[in-house]
S.K.: 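Mind looking over this structure? Questions follow.
Heads up: numbering here begins at 1 and tracks the sequence.
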Amino acid sequence: MTSPRDASPTGTSKSPIPSSKKRILVIFGTRPEAIKLCPVIEALGTLSPAIETLVCATAQHREMLDQVLDVFRIRPDFDLNIMLDGQTLPGLTSRLLAALEPLFRDLRPDLAIVQGDTTTTLCGALSAFYARTPIAHVEAGLRTGDLNAPFPEELNRTATTRMATLHFAPTQSAAENLLREGVTPERVEVTGNTGVDALLQIRDRLESGELTGLPERLDGRKHLVAVTAHRRESFGDAFRNVCLAIGDIAARPDVQIVWPVHPNPNVQDIVNATLRDRNNVILTDPMPYVPFVDLLRRATLILTDSGGIQEEAPSLGKPVLVLRDKTERPEASAAGTAKLVGSDRARIVQECNRLLDNSSEVARIAKIQNPYGDGRASERIARSISAFLIHHNVR
């Protein structure tokens with residue numbers, strides 16, 4: 001990638017930037033998107049020199065995004081720097097569309113790549129659609145069937161499906177969702193999840209000593225429980241119940257809990273009020289990606305409402321208790337690597353204690369093959385994109 005260029009609405013040129021190459025524009029804005037697209041960008045770099053890959057970071061999230069880009073040595077060609085403190089969904093959406101419109105006008109890409117289900121995903125796809133640019137959707141086909149769970153992600157990904165040309169489904173189940181919705185079978189490919197590609201790369205670099213992991217001193221005599229929770233639909237009483245359950249689990253003398261706390265005040269206020277002074281609970285700022293992977297690989301079990309962690313944990317052999325009532329990732333539950341526990345305090349504690357008291361069950365789960373991929377999803381995506389650009393006159 002070249003050095004970043006200002007891609008604000010006033011920072012782009014007034015005429016198209018010419019290129020004799022087929023041009024791909026990769027768009028992301030949050031840490032999870034970057035984690036899952038950096039391996040794709042690396043794979044695209046191995047394609048024909050007749051294909052040019054440009055990277056646009058919207059910076060829907062700022063610091064957490066930058067940390068990932070540093071680890072994967074990706075430097076965006078365009079940085080919209082769109083994040084504002086206290087940003088709302090309508091405000092973020094309007095700023096993204098305003099900033100992306102001149103970028104598409106000037107670059108005239110042959111293909112735009114978006115990932116997942118963020119506001120950047122939706123706005124990137126919509127901007128490409130308005131510019132009549134074909135769209136490749138990485139991690140396509142995830143569904144809960146409920147527009148309010150997760151919110152607003154279910155709407156973002158279903159709307160992106162309607163606009164996309166290429167649909168890279170992480171699992172067969174996700175592909176079947178797309179086919180039921182009428183997507184042309186020739187446009188759907190099951191690739192595995194690129195988040196697994198990223199995770200395995202970082203795990204190997206940690207194990208080789210190339211990267212440094214957790215700075216915290218952990219008590220190796222205790223079970224390490226990793227916790228993440230921040231979803232909008234859980235704010236309020238449900239989230240308070242989760243925190244109370246974590247406090248109950250922390251009462252065990254053989255447990256140490258580490259929770260990197262999301263900066264959203266709806267999360268911070270309740271977590272701090274409930275758990276700040278609890279023994280056996282370590283509350284940290286959001287962790288950079290590398291220490292966080294180290295936390296996951298060292299944990300006995302994981303409690304989370306994150307979709308990405310449901311995908312990553314099986315590759316590390318870790319059982320997951322999902323702090324949600326619905327998930328768009330049913331494969332982990334079907335395989336036995338994850339269990340939905342919702343926000344019910346008693347159930348969370350019961351299921352956590354069941355695993356902590358049963359080392360043979362934890363060992364059994366560790367041997368289950370990850371249903372989300374083998375670490376080669378990015379290669380498959382790059383090959384398909386190359387074939388599409390070569391065989392279709394998309395200019």
S.K.: Nearest 0.5 Å please: distance from the CD atom of E312 over to the CD1 atom of I202.
M.R.: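 Between E312 CD and I202 CD1, I get 10.5 Å after rounding to 0.5 Å.
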S.K.: Could you pull out the closest heavy-atom pair between D110 and P134, with the gap in Å?
M.R.: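 So the two residues come closest at O-CD, 3.3 Å.
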S.K.: With V290, which of L211, V68, L295, T212 fulfils side chain to side chain contact (heavy atoms under 4.5 Å, CB included)?
M.R.: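 Only one option passes, and that is L211.
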S.K.: Would you call C352 and L301 a side-chain contact if the rule is heavy atoms closer than 4.5 Å?
M.R.: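 Side-chain contact under 4.5 Å: yes.
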S.K.: Output yes when a side-chain donor or acceptor of S384 lies under 3.5 Å from a complementary backbone atom of I381, and no otherwise.
M.R.: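 Side chain of S384 to backbone of I381: no pair is present.
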S.K.: Where the side chain of T194 meets the backbone of K36, is there a donor-acceptor pair that is under 3.5 Å apart?
M.R.: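 Here the side-chain-to-backbone pair exists.
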S.K.: Counting N and O atoms only, with roles assigned by atom type, does the side chain of R95 sit under 3.5 Å from a partner on the main chain of G91, one being a donor and the other an acceptor?
M.R.: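 Side chain of R95 to backbone of G91, a donor-acceptor pair under 3.5 Å: yes, one is there.
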S.K.: Is the backbone N or O of L92 less than 3.5 Å from a side-chain atom of Q87, with the two atoms forming a donor-acceptor pair by type?
M.R.: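 Checked: no pair found.
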S.K.: Does R278 use its side chain to pair, donor to acceptor, with the backbone of G247 at less than 3.5 Å?
M.R.: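 Indeed, once roles are kept as given, a pair shorter than 3.5 Å links the two residues.
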S.K.: Would the distance check show the side chain of D305 and the main-chain N or O of R324 forming a donor-acceptor pair, the cut-off being under 3.5 Å?
M.R.: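 Checked: no pair found.
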S.K.: Checking D254 side chain against H223 main chain: does a donor-acceptor pair fall under 3.5 Å?
M.R.: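 Looks like no, no N/O pair under 3.5 Å.
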S.K.: I'd like to know if the side chain of N156 and the backbone of D117 have a donor-acceptor N/O pair within less than 3.5 Å.
M.R.: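 Flag set: sc N156 to bb D117 pair under 3.5 Å.
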S.K.: Quick check against the 3.5 Å criterion: does E351 have a side-chain atom that pairs as donor or acceptor with the backbone of L321?
M.R.: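 No; zero donor-acceptor contacts below 3.5 Å.
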